[in-house]
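In what follows, a single structure is set out as structure tokens and then discussed.
All residue numbers refer to positions in the sequence shown, counting from 1.
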Amino acid sequence: MTHTYAPRVARAGAALAAAGILALTAAAPASAADEVNIDHVETADGSVSLVLGVDGVPAGATADPASVEVDVDGRTVDSTAKVISAGDVERTTVLVLDASNSMLQGDKFDAATAAVDAFLSAAPEDVRIGLVPFAGDLGEVVEPTTDHDAVRAALADITLRKGTAVYDAMAAGLEQVGTGGSRSLLVLSDGGDTSSSTTLDVVTKDATDEGVIVDVVSLANPKNAETMSAVAEATGGQVIPAEQSALQDVFSAQADALAEQLVVTFERPADAADEVNLTVSVEAGGTPYTDSAFISIGSAAAGPDIVSSGRSLVGTPGMLFGALALALGFAGVLAVALAGPNKSSADRRLDAYFGQGKSGKRKSDATADLKGSAVALADKVVTADLETRISQRLAGAGSALTAAEWLLLHVGIAVGTALTFFILGGPGLAVLGLVLGVVLPWIYLKFRHSRRLSRFNGQLAETLGLMAGGLQAGLSLPQAVDSVVREGSEPMAGELRRALVEQRLGVDITDALEGVGQRMDSEDFGWIVMAIRIQREVGGNLAEILHTVSDTLREREYLRRQVKALSAEGRLSGYILTGLPPLIGIYMMFVNPEYIALLYTTLPGFVLLGAAVLLLGVGSFAMSKLAKVEV
């Protein structure tokens, strides 16, 4: 529901004007210059309802609801009108009553309470009425209620005090009046403000923004009336200078004005703008009366959702190329599956020996054959040099995958990431996904290798101690290594177990141990193997040599950990500064994709993105070198 208000809004402005004349002349109320006024306007589900104040028509004339006409931007629209009744529009009035000591003079406070009591008696039952008494501070505030007797009871308990904080009281009234329906403040004061913490300008702005009408009755104080005219004019109300003898007539006229309001309803024109020139006219005693205002009647109701054809992520050539690539991929997988795994002659002879070539394949073997075919195909693609480097890295990381299996898994991750990013953001994001799918697995493999190498180097001193002890007990070098395998922990035990297997297959023990150092990329273990070779060639006490090397490695490990602890702050700063831009970019892709889409949908964006990646790489390399200390 949308609530709006006309620039000149008064639910009882004419009545207050008439009451003011009565207060000055002690005569019957006269008609106001503005006979009718558009008050509250609200829109709900395309239906516009407004409250029309008709209390300013000449005495003895009655507004005819059937004669009401409504024009929207100069076009007459069908409308219905009736005298307002309970439930049509929520109406709220908050009485802001002066309870300062100055109201004791001439029994002004008694006249004011009598006037408020008359208002409570004459006001329609559906009008919610609240009370804010004030002096130097606020009295007991009564929240707006339709129980008018409760307000009357609170009125009787008001005590007069010193000071006049009328602006604070008006601010409190604005808080009590609520946010819905037709709302107004009726302020009664006999003097200027003396102790408010807020200002009249602030109160005026708040009332105007919230669409609340402020009418002020000033008791025989022209200066106060002039001061309060700003807030009344800004909100569509009036300031009425009055004598205390006329207060009851003023408040009675206010209550009568509430009972005479009309509620007018019409359907919002579908082609009308949000803000329109609204004109309402009504006849009273055969004479037409009109009021106009430039107000908002809300937006037109949303029509049915129409699905429009959007821009495709890729053009026709891209779709054809993708379809061709998909077809070739399926054809390749089908050919490999039908051909079966490419077995060597030795494998075929073993299959024939164990009888596997004669019996048919089980259904459960189909998945294994397909996997074997894919791995065999990847094995043909991998060169010997690449296979050696990948195998060494996998062995160092403790992975059981072969080079072909790793490459196949790597390609699957890269393609899957690119496809996921393509679905999320199109071709530009797909390129980023492909890059991440290619780089991140290698980073993960390197991370696993570095962690395993760190644990391996940390176990070297203890391992050498065990081996030296075994040698001193009379064991041979292979037997000493076997004791470490049986009593040690991973990854040292696993690597030495592999060395023992190679030694039992005919490989020299020093060559097998050198292979351990190469797989783990451990410079310290390489020095140990070098010491063993020298001892075997020139002789000497190997146990003593290993004890010496163990002490040296233990000191180096202590120094390495100390350096690592001292350089932790620099390394952490490097990690944060390097990872922050990519993480923020990924976060923005999900939170505000339109904001960051320029980086991967436009040529300048690609240039900036490339420059950012280059600079980030250079900065990351520089920070890693600054934080890395060789021991």
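Residues P144 and V94 form a side-chain contact, since some pair of their non-hydrogen atoms from C-beta on lies under 4.5 Å apart. Side-chain contact check for D201 versus K205: every heavy-atom pair is 4.5 Å or farther apart. Under the 4.5 Å side-chain criterion, counting only non-hydrogen atoms from C-beta, T194 is not in contact with S100. Between E210 and T179 the shortest side-chain heavy-atom distance does not fall below 4.5 Å. Looking at V280 and D291, their side chains never come closer than 4.5 Å, going by heavy atoms from C-beta outward. Considering only heavy atoms from C-beta on, L95 comes within 4.5 Å of I129 through its side chain.
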- prompt: Under the side-chain contact (heavy atoms from CB on, under 4.5 Å) criterion, do L185 and L174 qualify, and how do the steps go?
  reply: CA-CA 8 Å; L185 293 185; L174 292 176; 3.8 Å; yes

task: Tell me, with the steps shown, if I84 and R91 meet side-chain contact (heavy atoms from CB on, under 4.5 Å).
output: CA-CA 10 Å; I84 196 168; R91 295 182 291 176; 3.4 Å; yes

- request: Take N592 and E594, measure what side-chain contact (heavy atoms from CB on, under 4.5 Å) needs, and give me the verdict at the end.
  value: CA-CA 6 Å; N592 192 357; E594 293 82 6; 3.4 Å; yes

- request: List the steps, then state whether side-chain contact (heavy atoms from CB on, under 4.5 Å) holds for F266 with L278.
  value: CA-CA 12 Å; F266 62 93; L278 184 65; 3.9 Å; yes

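Here the side chain of T602 pairs a donor or acceptor atom with the backbone of G605 at under 3.5 angstrom. Between the side chain of T145 and the backbone N or O of D147 there is at least one donor-acceptor pair closer than 3.5 Å. With T417 contributing its side chain and G433 its backbone, the two residues share no donor-acceptor pair below 3.5 Å. For the pair D215 (side chain) and A232 (backbone), a donor-acceptor distance under 3.5 Å is absent.
Within 6.0 Å of the CD atom in E143, the count of heavy atoms belonging to other residues, nucleotides or ligands does not exceed 12. Sparse packing is recorded around CD of E140, with 12 or fewer heavy atoms of other residues, nucleotides or ligands lying under 6.0 Å away.
How far CG of D98 is from NZ of K108: 8.0 Å, rounded to the nearest 0.5 Å. Atom-to-atom distance recorded for L608:CG and L599:CG is 6.5 Å, nearest 0.5 angstrom. A distance of 11.5 Å separates OG of S567 from CG of L626, quoted to the nearest 0.5 Å. In this structure, Q261 CD and L50 CG are separated by 11.0 Å, a value rounded to the nearest 0.5 Å. Put simply, CZ on F119 and CG on L186 are 6.5 Å apart, with the number rounded to the nearest 0.5 Å. Within the model, atoms CD of E69 and CG of D78 stand 10.5 Å from one another, a figure rounded to the nearest 0.5 Å.
Taking each heavy atom of R75 and P269 in turn, the nearest pair found is NH2-CB, 3.9 Å. Closest approach of S196 and Y167 over heavy atoms only: OG-N, 3.2 Å. Between A234 and T204 the shortest heavy-atom distance is CB-CG2, 3.6 Å. Scanning all heavy atoms of the two residues, the minimum distance from S67 to D64 falls at OG-O, 2.7 Å. The heavy-atom pair separating V214 from T235 by the smallest distance is N-OG1, 3.1 Å. Residues A165 and S195 approach most closely at CB-OG, 3.7 Å, considering heavy atoms.
With sequence neighbours left out, D137 forms a side chain to side chain donor-acceptor pair (under 3.5 Å) with R161. With sequence neighbours left out, the side-chain contact (heavy atoms from CB on, under 4.5 Å) criterion links D73 to V276, N277. Applying the salt bridge (charged side-chain N to carboxylate O under 4.0 Å, His left out) rule to K564 yields no partners; only residues at least two apart in sequence or on another chain are considered. For T146, the side-chain contact (heavy atoms from CB on, under 4.5 Å) partners are R128, not counting sequence neighbours. In this structure T279 satisfies the side chain to side chain donor-acceptor pair (under 3.5 Å) test together with S292, sequence neighbours excluded.
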Pairs of donor and acceptor atoms involving the side chains of residues 148-159, under 3.5 Å and at least two apart or interchain, shall be tabulated with distances.
{"residue": "H148", "atom": "ND1", "partner": "L120", "partner atom": "O", "Å": "3.4"}
{"residue": "H148", "atom": "NE2", "partner": "V127", "partner atom": "O", "Å": "2.9"}
{"residue": "D149", "atom": "OD1", "partner": "R152", "partner atom": "NH1", "Å": "2.6"}
{"residue": "R152", "atom": "NE", "partner": "D117", "partner atom": "OD1", "Å": "2.5"}
{"residue": "R152", "atom": "NH2", "partner": "S121", "partner atom": "OG", "Å": "3.2"}

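Between the side chains of T164 and D193, not a single donor N or O lies within less than 3.5 Å of an accepting N or O.
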